[in-house]
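In this chain, residues are counted from 1 in sequence order. Side-chain atoms are counted along with the backbone in the values below, which use heavy atoms only and exclude waters and symmetry mates. Indexing begins at 1, ligand by ligand and atom by atom, following the structure's order. All figures in this text were calculated on a predicted structure; none of them were measured in a lab.
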Amino acid sequence: MALIVQKYGGSSVATPELMKKVAKRAIAAKNEGNKVVVVLSAMKGETDKLLKLARSVTPEPNPRELDTLVSTGEQVSVALFAMTAQSLGETVKSFLGFQAGISTDDNHGKARILSADPARIATELAKGRLAVVAGFQGIDKHGDITTLGRGGSDTTAVALAVALGADVCEIHTDVDGIFTTDPNVCRDARKMEKISYEEMLELSSLGAKVMEIRSVELGMVHNLKIHVRNAHNPSPGTIICQEDESMEKTPVRGVTHSTDEARITLVNVRDRPGVAARILSVVSKAEIVVDMIIQNKSAEGDGNRTDFSFTVPSNDYDKAMELLGNVLNELEAEKILGDDNIAKISLVGAGMRNHAGVAAKMFRTLAAEGININMISTSEIKISCVIEKKYAELAVRVLHEAFRLDLPPGENGGTEDI
Ligand code: ADP
Ligand code: ASP
Ligand code: MG
């Protein structure tokens with residue numbers, strides 16, 4: 001007997017018919033002798049609809065009230081699931097985030113889970129019952145409803161799995177697992193049998209929305225087995241687990257892209273100690289996360305000038321431009337330039353640690369398509385390039401082909417071809 005947390009995403013519960021299929025799948029897992037907790041997202045499109053509704057009332061909704069509103073998407077899902085499962089003869093109760101003991105900080109819209117105390121869920125399991133929990137939501141120390149950020153139901157599922165000591169957290173979605181790249185962008189994308197937490201963290205942070213990044217972090221810290229699989233297909237999907245030797249055979253395991261970032265450049269900033277810290281403190285005070293950073297001496301001027309560029313999430317772009325625009329004089333900067341017409345393309349692979357030449361091949365491949373690279377950043381297991389947005393999907397496809405990610409590891413030439 002295993003304890004399984006099954007999370008179903010919005011597309012998997014998009015209609016009453018699909019909800020019934022999902023309920024049957026959870027009941028079947030329970031009837032096989034397992035203890036099963038179900039975590040649900042809002043039905044597909046509902047969260048967007050609620051966000052739009054709020055913005056039809058006011059351009060800047062109050063964050064507390066916005067969370068009260070958008071969390072209802074998941075409330076609808078769990079109540080419908082419980083009714084559906086009951087109609088199939090099952091005894092089941094639905095729980096909202098707070099009823100399942102999900103406590104968060106009070107950062108509305110991006111709240112972090114501080115603790116999970118699913119005592120009521122454990123009681124249901126002990127009675128041999130199914131429990132269904134609303135993902136994406138929690139409660140803060142003031143007793144207010146919070147939400148965890150887009151894709152946050154993944155994090156609810158992993159947090160509950162950790163707290164309940166589950167054997168596995170299954171993330172049921174609309175594709176068969178984690179692929180070498182988004183299968184909806186590249187037809188040759190190949191499903192991976194397993195992927196390391198670190199590789200998945202990089203893929204998530206670089207744009208692969210199939211797993212929300214905090215859920216991967218939490219799984220990694222607690223060494224929880226995560227199984228990403230198709231909600232409507234019984235075949236095994238992809239296991240996210242500790243790295244093993246097989247993962248290092250090929251330098252590149254996945255390609256991903258993100259079009260949700262923008263670049264900001266402060267031109268001809270006075271080059272003196274503390275200037276980079278000052279620029280970044282202005283944005284970080286507004287809780288804006290900076291990603292790539294490049295500083296280089298300006299070719300113009302008296303030699304004491306530098307250009308400072310960095311990327312921010314598109315959502316925070318206007319705000320960051322405004323905040324920095326206000327301190328241009330203090331920074332002695334000539335001007336500020338912004339560009340939200342960019343995409344970030346990344347290669348990820350644990351094997352990059354031991355293999356040289358990946359960057360050169362990436363740049364050659366992009367150049368052959370006439371794609372210009374604007375910014376580059378690297379870590380131990382990834383290389384990212386900023387390019388013009390219109391080339392994003394083309395870049396994914398040509399890189400996938402150049403690194404032969406369509407072939408299984410061991411058959412794709414490994415590093416020889418680099
Ligand atoms: P859910 O509603 O189940 O949470 P999401 O839409 O959040 O599903 O995530 C699933 C989607 O992630 C897929 O439909 C796919 O387009 C996208 N995706 C991006 N990169 C990958 C990848 N490397 N492997 C699998 N899916 C990916
Ligand atoms: N419903 C939320 C969203 O659309 C949370 C989730 O689906 O995980 O982002
Ligand atoms: Mg998701």
Any Glu74 heavy atom less than 4.0 Å to ligand 2 | yes
Residue portion contacting ligand 1 (non-hydrogen atoms closer than 4.0 Å) for Thr173 | both
Separation of Arg229 CZ from Thr238 OG1 (nearest 0.5 Å) = 10.5 Å
Which one of Glu212, Glu217, Arg112 satisfies the side chain to side chain donor-acceptor pair (under 3.5 Å) criterion with Thr155?
-> Glu212
Taking Thr311 for the side chain and Met292 for the main chain, is one N or O donor matched with an acceptor at less than 3.5 Å?
-> yes
Closest protein heavy atom (residue, atom, distance) for atom 21 (C) of ligand 1 | Asp182 CA, 3.7 Å
Give a yes/no on ligand 2: does Gly152 have at least one heavy atom closer than 4.0 angstrom to it?
-> yes
Proximity winner for atom 25 (C) of ligand 1, if only heavy atoms of Ala231, Gly207, Gly177, Cys186 are counted | Gly177
Run the numbers for me: atoms of ligand 1, each under 4.0 Å from some heavy atom of Asn184, listed by number.
-> 13 (C), 14 (O), 15 (C), 16 (O)
Touching ligand 1 at all, Gly151? Heavy atoms, strictly under 4.0 Å?
-> no
protein heavy-atom neighbour closest to atom 2 (O) of ligand 1 works out as Gly10 N, 3.3 Å
Leu203 heavy atom under 4.0 Å from ligand 1 = no
Hey, could you give me the CG/OG distance between Asp291 and Ser258, rounded to the nearest 0.5 Å?
-> 8.5 Å
Quick one: does Thr306's side chain have a donor or acceptor within less than 3.5 Å of a partner on Asn296's backbone?
-> yes
Pairing of Glu46 and Lys49 as salt bridge, 4.0 angstrom limit | yes
With a 4.0 Å heavy-atom cut-off (strictly under), which part of Glu46 contacts ligand 2: side chain, backbone, both or neither?
-> neither
Nearest-0.5 Å distance, CD1 of residue Ile113 to OG1 of residue Thr156 = 5.0 Å
Run the side-chain hydrogen bond (donor to acceptor under 3.5 Å, both in side chains) check on Glu202 and Ser379 step by step: do they pass?
-> CA-CA 10 Å; Glu202 291 282 14; Ser379 79; 3.2 Å; yes
Is the shortest distance from a Lys or Arg side-chain nitrogen in Arg150 or Asp48 to a carboxylate oxygen in the other one below 4.0 Å?
-> yes
Below 4.0 angstrom from a heavy atom of Phe179, which ligand 1 atoms are there? Numbered from 1 as shown, please.
-> 22 (C), 23 (N), 24 (N), 25 (C)
Part of Lys7 with heavy atoms under 4.0 Å of ligand 1, whether side chain, backbone, both or neither = side chain
Lys/Arg-Asp/Glu bridge criterion (N-O < 4.0 Å) met for Asp144, Arg64 = yes
Passes side-chain contact (heavy atoms from CB on, under 4.5 Å), Met247 versus Glu198? Steps please.
-> CA-CA 11 Å; Met247 297 176 187; Glu198 270 122 337; over 6 Å; no
Any N/O pair Ser12/ligand 1 closer than 3.5 Å = no
Steps toward side-chain contact (heavy atoms from CB on, under 4.5 Å) verdict (Lys141, Leu114) = CA-CA 10 Å; Lys141 62 176 188 285; Leu114 299 176; over 6 Å; no
Atoms of ligand 1 less than 4.0 Å from Asp174 heavy atoms?
-> 10 (C), 11 (C), 13 (C), 14 (O)
Ligand 1-proximal atoms of Asp154, by part, heavy-atom distance under 4.0 Å = neither
Sub-4.0 Å heavy-atom contact, Lys191 with ligand 1 | no
Considering distance alone, does some N or O of Ser41 sit under 3.5 Å from an N or O of ligand 2?
-> yes
Would you say Pro183 touches ligand 1, if touching means a heavy atom closer than 4.0 Å?
-> yes
Any atoms of ligand 1 less than 4.0 Å from a non-hydrogen atom of Lys209? List them with their elements.
-> 6 (O), 7 (O), 9 (O), 12 (O)
Any N or O on Gly151 sitting closer than 3.5 Å to an N or O of ligand 2?
-> yes
Which part of Val210 is near ligand 1, with near meaning a heavy atom under 4.0 Å away: side chain, backbone, both or neither?
-> both
Where is the nearest protein heavy atom to atom 3 (C) of ligand 2: which residue, which atom, and how far?
-> Arg150 NE, 3.3 Å
Which of the numbered atoms in ligand 1 are below 4.0 angstrom from a heavy atom of Ile178?
-> 24 (N)
What's the spacing between Gln137 CD and Thr68 OG1 if we round to 0.5 Å?
-> 10.0 Å
Is a side-chain donor-acceptor pair under 3.5 Å present for Asp244 with Ser246?
-> yes
